[in-house]
A.B. asks: 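Structure below; questions to follow.
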There are 2 protein chains.
Amino acid sequence: MDSQQFREFGKAMVDYIANYSDTIRERKVLTSVEPGYLEKLIPGEAPQFGEKWQDVLRDVERVIMPGVTHWHSPNFHAYCPTANSFPAVVGEMLSAGIGCVGFNWEASPACTELEVMMMNWLGKLLHLPEEFLNCAGGNGGGVIQGSASESTLIALLTAKEKMVRTFKQKHPDMTENDIKGKLVAYTSDQANSSVEKAGILGSMKMRLLPADSDCILRGETLKKAIEEDRKKGLIPCYVVATLGTTGTCAFDNLEELGPICNEEDLWLHIDAAYAGSAFACPEYQHYMKGVKYATSFNFNPHKWLLVNSDCSALWVKNSKHLVDTFAVDRIYLKHKHEGVMPDYRHWQISLGRRFRALKLWFVMRIYGVEGIQKHIRTQIGLANYFEELVENDKRFEVSTKKLGLVCFRIKGKNILTEKLQQLLTERKNIYCIPCYFREKYVIRFVVCSRLTLKDDIDYAWNEICSQTAQVFEMDKNNCLEGPPAKKLKFEEDVLNNNAEIVED
Amino acid sequence: MDSQQFREFGKAMVDYIANYSDTIRERKVLTSVEPGYLEKLIPGEAPQFGEKWQDVLRDVERVIMPGVTHWHSPNFHAYCPTANSFPAVVGEMLSAGIGCVGFNWEASPACTELEVMMMNWLGKLLHLPEEFLNCAGGNGGGVIQGSASESTLIALLTAKEKMVRTFKQKHPDMTENDIKGKLVAYTSDQANSSVEKAGILGSMKMRLLPADSDCILRGETLKKAIEEDRKKGLIPCYVVATLGTTGTCAFDNLEELGPICNEEDLWLHIDAAYAGSAFACPEYQHYMKGVKYATSFNFNPHKWLLVNSDCSALWVKNSKHLVDTFAVDRIYLKHKHEGVMPDYRHWQISLGRRFRALKLWFVMRIYGVEGIQKHIRTQIGLANYFEELVENDKRFEVSTKKLGLVCFRIKGKNILTEKLQQLLTERKNIYCIPCYFREKYVIRFVVCSRLTLKDDIDYAWNEICSQTAQVFEMDKNNCLEGPPAKKLKFEEDVLNNNAEIVED
């Protein structure tokens, strides 16, 4: 394909994407395909000779679209948002067009330097404590990772390395392996499953401590767990606090947890994957009160901040700990730019890296602080509006409401709401997923798509009301019992408090 | 930004990328900026109000381009290729435009199913043993990872979990931690540093075994190391063989290593990050003789197969081992599509995943098998041509030549070649990096950019010849000695055999 054909193909694709966005309401949010649908539509091996781009583009509609769950449909209210915006799409294009590999400064100076700057812009936007910023004169700094899972694992591995060194100095008689075998991490039973996964992959026992009845991890619970473990001769090492949990968007109590972690010298990592974006608005920054105690802080601009995946923002107060853990050869540290620019390959698992800062730059410039705040406020406003609709209907109750997430249910027995959930999913007009809150089955309604308008909320509410009428009709006729509703696997995951899908 | 503005901005960016490609020869391949250049060009925080896209696009040239090392310049002959093609750029656009999150089948069926199909297309293209394919009826299958580093780490963690289980069954008296502490992995001292890093991150001792004088890891060496370790009571677990090493593109001897791994029940992972793409041509498939012994196989289409980063292809013969390691909750395994479609979130570190199969699909269809083979053959042909130029000039010698990589030097003392390398880098007209081969300083010349033509090789050769004349002139005047040449950090890394940059 020469550059002239690319001009044609690329522009046709720009139009395709714009059209997709313009007409997304015409598509059912959920697909009707069965597993294996796609292999019936394309050959079993690559074509021998090159095909025309026009044929490939045509096949996007024929082959791909029938199997796409439309995450950006205004009728998508499941899990939580995954970000997407036009400036970010163009930023991604440019990143692919330049195609450099920014493993360290020299490999493409712009790639490292723009990332440093954008992580500072972003940290300032969120009003993070200065210590986390690269421009504060200390060892703080931010880096773009691929996912919250990665960030949690990276912080865990770093905490582990740090603790092994510290402990070994105090107890030179112990082997590194003995120390590693005694390390313990803590999080709440409401944490995303990616936290548990980090424990498994990083070979560190991860205790899922019970949250309180508001799904919040409290200081007393952590303190008790640490005491128990110290008595057993174990070594408490790492705590993951969640700001905005998967199920109900609960906020762990940092002002209680933080001082304990600091006193006990534990690494406190904050997972604010979804909720972090809201901190761009001053009125939501109180949700991170106590963030000053944290060792590392992570949120996903690729979730709610209009930046396409992947773009997970991780800050640490002391980047030297990352380098100590991830640099293969310590001689690397001694180079001419030491202290001037980070070698990001030593801040992450992989060595290569794409130029992901471009999309952050595009989004922050083209939206501006004001535009980003407006986006967050509009979405929370729509959730408030939905909450009001629920509150004003006596058949329903709101279980919890935080930011863009409303958990609600039909008053009375669980089976009513379960049936409602089932009918909604089968009809594929709107998409929500359920969870349990205080042992009651509730439907999570999240304002996800940036395209969502008040009319879309009304549409969703009408759909919910019409199906609720069905449910009551069925209940009246004693048709509700019977074989349990076939649940989507997603739903099972969420019901099992393993809704990683919301997080990553 | 509304969809109309996106149409304008997106199309302007398509033109920008096409123009960048069309005129890339006009830019110096290396930058002249100093660390910190970028913060002088942009504000210290995000703008309060949104800016026009025209201003942002203008700033790409003003702010970004001065700091870009042009990896796709035909004058870029360093490290190894990083892939980029027009169809892949458009595929990346579409992936961003759809913006779904394909953590498992239901989240977006097309995302999982196209990946399954594309990994089969790719496996067939390379003539991988059928057991690795998803369509072979067994438990084999392929998955797209972010990097070779990730793939190596994932295989290591899986090998570890598998070995701990097996060993624990035989020795129920041992704790898991005791077993973990005794595990050993093996690779060659020519392996990419990402292999060593995987050992560190996965807490497994990674022995770097000495390669032979052709930089090849031999069976005898591995056998001896395993015997030594077994005598010490350690537990050999994981072997990484490299097909196409970083420094000289050497191929470890799979036919010797494979049977040993199979007999000793070790996980054999193959890292063919760069060279794997050549296996698309039948005439290079002999380089992977013995691949049938492998447990997992990895190469990077994002390196030499025209697919933009990130796209690292990993196949395993038994995907159940991956799921056993990466699935947080085993209850997940019991779902209605079990055995039909993979839940890719259990095949990787992160839970979320982008729709990366689109760019593979676009590239394989628009190039066709023939087009891909032509690309590989053309690049190897250009390397052969360069080799010929070197061979025909009595001042030089070719140290090694494999695929698209020629290692050469000025005959005689090392300082001649060192000086040549220094002059070339300072002039920024072409970009190569050095390494050591049999204790001699050599320059690695790699055909990297898909835009490279015979004229570009001539240009590089003229540049090398003109600077070699300089070197001889300086030598004649005794000006060669003196303070050692200031090396780029990259060079140091490669010289220290830690050139991860070539690999990831």
Side-chain angles (χ1 to χ4, degrees), chain A residues 1 3 6-7 10-11 13-14 17-18 22 33 35 38 45-51 56 64 67-69 71 82 84 86 89-90 92-93 96-97 99-101 108-110 113 121 124 147 149 177 181 193 196-197 308 328 335 337 340-341 350-352 364-365 367-369 371 489 500 504, chain B residues 1 3 6-7 10-11 13-14 17-18 22 33 35 38 45-51 56 64 67-69 71 82 84 86 89-90 92-93 96-97 99-101 108-110 113 121 124 147 149 177 181 193 196-197 308 328 335 337 340-341 350-352 364-365 367-369 371 489 500 504:
Chain A
M1 172 171 276
S3 69
F6 167 66
R7 286 176 209 265
K11 289 172 189 180
M13 187 56 83
V14 167
I17 293 169
D22 287 345
V33 299
L38 196 141
E45 52 194 63
Q48 184 60 24
F49 301 104
E51 299 178 57
V56 175
I64 304 301
V68 171
T69 302
W71 284 68
T82 183
N84 165 293
F86 291 131
V89 172
V90 181
E92 192 73 85
M93 282 166 62
C100 63
V101 186
S108 222
E113 297 208 12
W121 280 24
K124 289 176 187 174
S147 65
S149 311
N177 194 57
S193 73
E196 198 182 341
K197 188 168 176 177
N308 275 68
V328 174
H335 67 89
H337 303 314
V340 183
M341 281 295 151
S350 293
L351 298 159
M364 285 195 274
R365 286 189 67 182
Y367 278 87
V369 173
K489 194 159 118 9
E500 63 255 42
D504 193 49
Chain B
M1 173 172 277
S3 68
F6 167 66
R7 288 176 208 265
K11 290 172 189 180
M13 187 56 82
V14 168
I17 292 168
D22 287 344
V33 300
L38 195 141
E45 52 194 66
Q48 183 61 26
F49 302 104
E51 298 179 58
V56 175
I64 303 300
V68 172
T69 302
W71 283 69
T82 184
N84 165 293
F86 291 131
V89 172
V90 181
E92 192 72 86
M93 283 166 62
C100 63
V101 186
S108 224
E113 298 207 11
W121 281 23
K124 290 176 187 176
S147 65
S149 311
N177 194 59
S193 73
E196 197 181 342
K197 189 169 176 177
N308 276 67
V328 174
H335 68 88
H337 304 313
V340 183
M341 281 295 152
S350 293
L351 298 158
M364 285 195 275
R365 287 189 66 181
Y367 278 87
V369 172
K489 196 163 118 0
E500 62 255 44
D504 193 50

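Below, chain A is the first sequence line, B the second, and so on; all start at residue 1.
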A.B. asks: What residue, out of Met1(B), Lys11(B), Met364(B), has the most heavy-atom pairs lying under 4.5 Å from chain A?
C.D. replies: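 With the most close heavy-atom pairs to chain A, the winner is Lys11(B).
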A.B. asks: Applying side-chain hydrogen bond (donor to acceptor under 3.5 Å, both in side chains), name anything that partners Asn177(B), two or more places apart in sequence or on another chain.
C.D. replies: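 Testing Asn177(B) for side-chain hydrogen bond (donor to acceptor under 3.5 Å, both in side chains), a comparison that skips the adjacent residues, returns none.
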A.B. asks: With a 4.5 Å cut-off on heavy-atom pairs, point out which of Arg365(A), Met13(A), Lys197(A), Glu92(A) contacts chain B the most.
C.D. replies: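 Answer, by heavy-atom pair count under 4.5 Å with chain B: Arg365(A).
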A.B. asks: Contact part of Lys124(A) toward chain B, heavy-atom cut-off under 4.5 Å: side chain, backbone, both or neither?
C.D. replies: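 For Lys124(A), the side chain is the part near chain B, not the backbone.
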A.B. asks: Please report the shortest heavy-atom distance between Ser193(B) and Leu351(A), naming the atom on each side.
C.D. replies: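 So the minimum-distance heavy-atom pair works out to OG-CD1, 4.1 Å.
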A.B. asks: For chain A, which candidate among Val33(B), Asn84(B), Leu38(B) shows the most heavy-atom pairs at distances under 4.5 Å?
C.D. replies: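 Answer, by heavy-atom pair count under 4.5 Å with chain A: Leu38(B).
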A.B. asks: Picking from Gly10(A), Gly97(A), Pro47(A), which has the most non-hydrogen pairs under 4.5 angstrom with chain B?
C.D. replies: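 Option with the top pair count is Pro47(A).
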A.B. asks: I need the residue from Gly371(A), Gly99(A), Ala46(A), Cys100(A) with the largest number of non-hydrogen atom pairs under 4.5 Å to chain B.
C.D. replies: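 It is Ala46(A).
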A.B. asks: Report the option among Ile64(A), Val68(A), Asp22(A) that has the most heavy-atom pairs separated by less than 4.5 Å from atoms of chain B.
C.D. replies: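 Going by pairs under 4.5 Å, I would pick Ile64(A).
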A.B. asks: Quick check: closest heavy atoms across Pro109(A) and Thr69(B), and the distance to 0.1 Å?
C.D. replies: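 Closest approach of Pro109(A) to Thr69(B), heavy atoms only: CD-OG1, 3.7 Å.
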A.B. asks: Can you name the closest pair of heavy atoms from Arg7(B) and Val14(A) and give their distance?
C.D. replies: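 Arg7(B) and Val14(A) have their closest heavy atoms at CA-CG1, 3.7 Å.
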A.B. asks: For Met93(A) and Ile17(B), which heavy atoms make the closest approach, and how far apart are they?
C.D. replies: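 Smallest heavy-atom distance, with atoms named: O-CD1, 3.4 Å.
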